[in-house]
Structures are given as C-alpha cells and as structure tokens.
Amino acid sequence: MAPVKSLTATVHQRLADALSATLPEAHADPLLRRSDRADYQANGILALAKKTKANPRDLATQVVTNVVSGDLIKDIEVSGPGFLNITLTDRAIVENLAARSADPDARLGVPLSAHPGTTVIDYAQPNVAKEMHVGHLRSAVIGDAVVQLLEFTGENVVRRHHIGDWGTQFGMLIQYLDEHPHELDHGSAEDSAATGEEAMSNLDRLYKSARKLFDSDEEFKTRARLRVVDLQAGDPATLATWQRFVDESKIYFFSVFEKLDMEIRDADIVGESGYNDMLDETCRLLEESGVAVRSEGALCVFFDDIKGPDGNPVPLIVRKSDGGYGYAATDLSAIRDRVFNLKANSLIYVVDARQSLHFKMVFETARRAGWLNDEDVKAYQLAFGTVLGKDGKPFKTREGETVKLVDLLDEAVDRATAVVREKDALGQLSDDEVAERGTQVGIGAVKYADLSTSANRDYKFDLDQMVSLNGDTSVYLQYAYARIQSILRKAGEVHPQPHPELELADAERALALHIDAFAETVADSATEYAPHKMAAYLYQLASLYTTFYDKCPVIKPAPPKDVAENRLFLCDVTAKTLHKGMALLGIRTPERL
C-alpha cells in the first residue's frame with residue numbers, strides 16, 4: 001500500500017497545475033507555505049509575474065480560475081500584491097489523517113524513496129584501550145539519528161564505526177603486557193562476570209603504566225617501537241595480543257552503547273586496522289596519477305588555497321618520511337573501499353568540526369584521484385560542535401578532567417528517575433517500572449538536548465534543564481505521549497473514530513495540519529542530515545497538542561459522542577506521530593510516566 005499523499009503535496013500539485021494551465025510555457029514553483037491568515041499561502045506568482053512582465057494580481061486572479069478545488073479546497077483568494085490564501089475543507093483534513101492513521105505499514109504518510117541509493121555513514125568512533133568521554137557523545141547520537149531517518153525513507157544504509165585500533169601506541173601496550181603478562185588477569189574478557197567498565201578500567205590502568213615506563217625508560221621505548229614493526233608486519237604473537245586489546249575494548253564499547261540505547265553491530269566495526277592492507281596501494285595510485293608527490297622524503301598532496309601562517313602550502317601527508325602511514329592514508333583507503341567495494345553513492349562522516357580541514361583535504365584528494373565526484377559519489381562531513389558546561393566553556397569535571405561518558409549517562413538516569421518518582425506520587429509504578437522509565441527519560445533527555453541543536457553549533461550540557469517537564473525537552477514530549485495514552489485508557493467505551501462531517505475548531509485544525517507536515521519533515525531531515533528539524537517539528541506538535549487539549553474537551557466535560565470520538569482520533573494520530581518521530585531520533589516513548 002502506497003503511503004497517503006500529504007495535503008501539502010496535493011495542494012502544491014493543484015497550484016502547479018493551475019500555473020501551467022495559465023501559462024503553459026511556465027515552470028514555476030507555487031512557493032507554498034503555512035500561513036497564519038489561512039491554511040496556506042502561495043507566493044510564487046510574484047516571481048512569475050516579474051519574469052513574464054505581467055500584473056501580479058491579474059495573473060493571480062487567472063490562476064485562481066484554473067485551480068481544481070474539488071472537495072479539497074474550501075476557499076482560495078487573492079491577497080496583497082498577488083499572494084494566494086488557501087483554506088482547506090474540514091472533511092479533506094480529517095479524511096487524509098484517517099487514511100494515514102489506518103496505514104498497515106505504520107508509515108504515517110511517509111513515502112519510500114523512488115530512487116534509493118547506498119549511503120555509508122561513519123559515526124561513533126571510540127578508541128581501543130581508551131575510555132569514551134563526553135566528546136564521543138555527539139558523533140554517536142547524531143549518527144544514529146541520521147541512520148534511522150535515512151533507513152525510514154528507504155535508503156540502503158551501511159554503518160561504519162571507524163575505531164582507533166592501530167598505530168604506535170599499540171607497540172607500547174603490547175610490549176608492556178608481554179613483559180607484565182598478568183596485568184589483565186583480573187576482570188578481563190575471559191572472566192564472564194566482567195563488565196564493560198571493569199574491562200576498560202583494567203586497560204586504562206595498563207595504558208597509564210605503559211606510558212609512564214615508555215616516557216622514563218629509553219630501552220623500553222626502543223623495544224616498544226620495534227614491537228610496532230612486528231605489529232605492522234603481521235607477527236602472529238603480536239597480533240594475538242593486539243586482538244586481545246580490541247576484544248577487551250569492545251566489551252566496554254558495547255556496554256556504553258547499550259546505555260545509550262543504540263544498536264552497534266560487530267560487523268559494522270571496521271577500524272583503522274581494517275584498511276591496513278590497502279595503504280601501500282593507495283599511496284602507489286596517488287603517486288602514479290600525480291595527485292601526490294614526494295617532498296622531503298614524504299608523500300604529500302598540496303593545495304593552492306591551503307597555506308600555513310608563513311604563507312607556505314600546508315600539505316596532506318599520506319606517507320611520512322620514515323615510511324609510516326598517517327590518518328590520511330587510512331581515510332583515503334576507506335573511501336576506496338566504500339566507493340568501489342560497498343558501491344556507495346554517499347559518504348557521511350559524523351566528525352568533530354575541528355577536523356574539518358583534514359576532511360576537506362582528504363575529500364579533495366579523492367576527487368583528484370577520481371574516487372569521488374559530485375555527480376555519482378559525494379562525501380560530506382556532518383561536522384558537529386562542542387559540548388559545553390553551564391559556564392559556556394568545554395565540559396570538564398571540577399578537576400579539569402574530561403567527563404567520562406558513562407558517568408554522564410548514569411547521572412542523567414539518576415536525575416530522571418527522581419523526576420519519574422516525583423510524578424508517580426500515588427505509587428502506581430513498581431520499583432522496576434520507575435527504574436525503566438528513569439532510564440528511558442534520562443537517556444532520551446541527553447539525546448534530545450544534543451539533537452534539538454543544529455549539529456554544527458555548540459550546546460550547553462545542563463541536566464537540570466534536560467530533565468525538566470517544561471520547555472523544549474524530550475521529557476515534555478514523552479509526557480505529552482504518556483498523557484495521550486492515559487486519555488485513551490480513560491475514554492472507556494468511547495473509541496477513536498474520525499468524523500469528516502464535523503466542523504473543526506481552530507485548535508483542531510492547527511494540530512491536524514501540523515501532523516500533515518510529518519512526511520515533509522522526515523524528507524527534509526533525512527535529505528539534509530538534520531535531525532534537529534525533526535526535533536523542532538515534534539516540539540511544536542506537542543505544543544499544539546497542549547493547546548488543543550486545553551481548548552477542546554475530550555472526556556470531561558463530555559462533548560457529544562461524535563465530537564469525542566473525533567477528538568480521540570486526533571489524540572491517537574498525534575500519539576502515533578510522536579512515537580514514530582521520537583523513534584527516528586532514537587528516543588523511547590513510555591506508555592506511562
């Protein structure tokens with residue numbers, strides 16, 4: 001069953017047809033938008049009149065005569081210098097919502113893409129043997145929401161977690177463990193009772209001990225560097241120890257992502273090591289094509305528009321003068337793999353904005369090599385800003401340390417659990433239910449605070465505000481959903497039922513027409529990789545529902561049965577839209593709060 005076409009799309013098509021009937025040679029956009037003077041306003045006639053040197057009001061009047069109104073458009077009038085104000089029939093609004101609510105595929109009017117492609121999205125990139133901190137939050141949360149949005153539109157999405165699992169630090173770690181073989185015996189991956197945090201605590205302790213010895217003992221430093229050579233050469237014993245570090249770290253990664261209520265699949269974790277065998281060929285291809293040149297022993301790519309403070313060009317170093325490979329070689333090899341093996345049309349990198357110059361240079365290098373082009377295969381850095389504390393500075397502990405992600409999430413859940421317990425004054429929820437709701441509200445609060453801000457902007461991490469029932473928070477949206485479910489339970493023998501024959505109150509119309517915009521919002525959010533647009537839509541939906549609930553009695557005082565059924569229907573379709581929209585942001589909607 002094809003999704004129901006939105007009212008906005010239908011009105012847009014009727015106006016476009018009327019424009020074509022008026023001026024057959026014109027290919028004009030009606031420029032339709034919501035209006036506070038009518039349901040919609042069309043502004044496109046002004047530009048068309050200027051282009052054809054016609055009087056805009058006269059042209060608008062001609063267009064109106066060619067609009068097929070049918071049972072959709074109640075009134076259309078010319079306003080001002082040539083605007084069109086359009087009002088829809090109540091019947092059309094309710095019938096359209098009824099059709100999308102009845103969709104057995106629960107798509108709520110959102111169509112599948114007619115021409116889906118393959119998108120590889122690189123997000124949630126923690127480092128092996130290092131704890132995840134607040135800086136890892138945005139990549140994970142934004143990336144997961146974009147995945148959900150793209151998949152819902154029908155895009156074939158390949159997830160990639162480009163973890164840091166290669167490089168010189170592993171020579172140090174492996175050599176230290178080789179000389180201190182019992183360092184990871186307690187609470188390791190081999191101990192089935194070990195938690196992810198315990199596994200990472202052991203690795204963190206090992207890393208600090210190894211770093212201390214590396215910095216103080218020149219002989220150990222030499223042995224560690226030789227071990228890097230063994231690792232790169234594929235020495236079996238060295239690789240086995242390296243694999244142990246990776247496995248220990250994955251226990252921890254999975255535990256953190258589970259707290260974040262995110263699905264991370266092992267097959268999607270392809271770290272720096274996954275492209276190791278491609279590095280030499282990548283360098284050879286770049287050098288043979290002339291894209292990269294040797295400079296002072298290193299293999300480099302130069303750019304005319306990228307210069308340092310001294311005015312000299314700043315190169316992208318693909319291979320160092322000592323023969324080692326940098327991040328550029330790995331990132332370029334990953335592009336080759338994603339384009340030629342995974343057959344991607346789009347590559348999205350959800351990476352800190354501070355790495356923008358690096359990715360600008362990497363993408364341009366790949367274009368010069370012919371691996372990317374703006375027509376068939378595009379690459380895009382979805383750059384995100386910094387998480388700030390209440391003081392507007394980068395979020396740190398009181399001691400000035402980076403905030404551990406696990407500690408942040410635990411505190412959010414604790415705060416949210418207290419809010420849930422306070423709202424459950426009558427004690428209707430069991431302790432287990434309070435804990436479950438607290439987790440859903442706390443994690444939802446953290447995600448929504450991130451996603452409701454445009455990715456490229458910094459935002460302040462304020463848990464007091466995040467778990468508030470007032471304002472633009474996920475708790476406000478979750479509470480709106482739970483309140484609707486409570487109303488539906490209390491309705492008794494009266495059930496949601498659309499009544500297209502009824503006249504709608506202003507608050508009912510405003511709510512219904514906003515619900516109609518769900519499909520366009522999904523499309524915009526997915527196409528622009530902008531989950532904050534979905535968050536803004538959902539907040540406005542909850543706000544319009546609050547106004548509707550205040551002005552249009554649903555149960556008490558009891559309206560006539562047909563009115564009550566129609567209002568319950570509006571409640572139900574609002575709840576479905578909230579539930580689906582929040583799910584696309586990776587946020588749960590509890591039935592009770």
Verify the neighbour count for atom [atom1] of [X]: are there more than 12 heavy atoms of other residues, nucleotides or ligands below 6.0 Å?
X	atom1	result
His532	NE2	yes
Arg284	CZ	yes
Glu288	CD	yes
Glu258	CD	no

Does [X] pair with [Y] as a salt bridge, N-O distance under 4.0 Å?
X	Y	result
Lys221	Asp215	no
Asp268	Arg265	yes
Arg159	Asp122	no
Asp261	Arg588	yes
Asp464	Lys390	yes
Arg227	Asp230	yes

Sequence-distant partners of Thr238, side-chain hydrogen bond (donor to acceptor under 3.5 Å, both in side chains), two or more places apart: Asp235

Whether Arg223 engages the ring of Phe214 as a cation-pi pair (distance to the six-membered ring centre under 6.0 angstrom, angle to the ring normal within 45°) should be assessed. no

Taking all atoms of both residues into account, what is the closest heavy-atom pair of [X] and [Y], and its distance?
X	Y	answer
Ile335	Ala366	CD1-CB, 4.0 Å
Tyr123	Ala140	CD1-O, 3.8 Å
Pro126	Ala124	CD-O, 3.0 Å
Ala412	Val446	CB-CG2, 3.5 Å
Lys533	Ser525	CB-OG, 3.5 Å
Asp165	Ser273	OD2-OG, 2.6 Å

State whether the side chain of [X] and the backbone N or O of [Y] hold a donor-acceptor pair below 3.5 Å, judged by distance alone.
X	Y	answer
Ser139	Val350	yes
Ser295	Ala298	no
Thr153	Leu150	yes
Asn202	Glu198	yes
Tyr275	Asp331	no
Arg294	Gly297	no
Glu155	Gly117	yes
His133	Gly135	yes
Asp458	Thr386	yes
Lys307	Asp304	yes

Student check: side-chain heavy atoms of [X] and [Y] closer than 4.5 Å:
X	Y	answer
Val403	Phe461	no
Thr282	Arg336	yes
Tyr529	Ile142	no
Phe245	Thr241	yes
Trp371	Leu286	yes
Arg138	Tyr459	yes
Pro394	Val387	no
Ser255	Ile251	no

Gap separating the [atom1] atom of [X] from the [atom2] atom of [Y], nearest 0.5 angstrom:
X	Y	atom1	atom2	answer
Leu316	His358	CG	NE2	6.5 Å
Met534	Ser452	CE	OG	13.5 Å
His136	Phe257	NE2	CZ	8.5 Å
Lys360	Gln381	NZ	CD	11.5 Å
Ser333	Asp277	OG	CG	10.0 Å
Met582	Ile587	CE	CD1	4.5 Å

Criterion side chain to side chain contact (heavy atoms under 4.5 Å, CB included) on Asp450 and Lys447, from CA distance to verdict: CA-CA 5 Å; Asp450 195 313; Lys447 288 184 174 183; 5.9 Å; no

Under the salt bridge (charged side-chain N to carboxylate O under 4.0 Å, His left out) test, residues paired with Glu411 that sit two or more places apart: Arg415

Could you go step by step and tell me if Asp352 and Arg354 meet the salt bridge (charged side-chain N to carboxylate O under 4.0 Å, His left out) rule? CA-CA 5 Å; Asp352 192 317; Arg354 289 171 291 188; 2.6 Å; yes

Ring centre gap for Tyr349 and Tyr380 strictly below 6.0 Å: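 No, too far apart.
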
Could you give me the CA-CA distance, side-chain angles and deciding distance for Met278 and Asp337, then say whether side chain to side chain contact (heavy atoms under 4.5 Å, CB included) is met? CA-CA 9 Å; Met278 300 177 65; Asp337 177 65; 4.1 Å; yes

I'd like to know whether Leu357 forms a side chain to side chain contact (heavy atoms under 4.5 Å, CB included) with Ile306, so could you lay out the CA-CA distance, the side-chain angles of the two residues, the decisive distance to 0.1 Å, and finally the verdict. CA-CA 9 Å; Leu357 178 59; Ile306 302 176; 3.9 Å; yes

Dump the intermediate steps for side chain to side chain contact (heavy atoms under 4.5 Å, CB included) on Val406 and Glu197, then the final yes or no. CA-CA 8 Å; Val406 169; Glu197 292 173 51; 3.4 Å; yes

Is there any side chain to side chain donor-acceptor pair (under 3.5 Å) pair reaching into residues 316-329, and which pairs are they, with sequence neighbours excluded?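 Qualifying pairs, neighbours excluded: none.
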
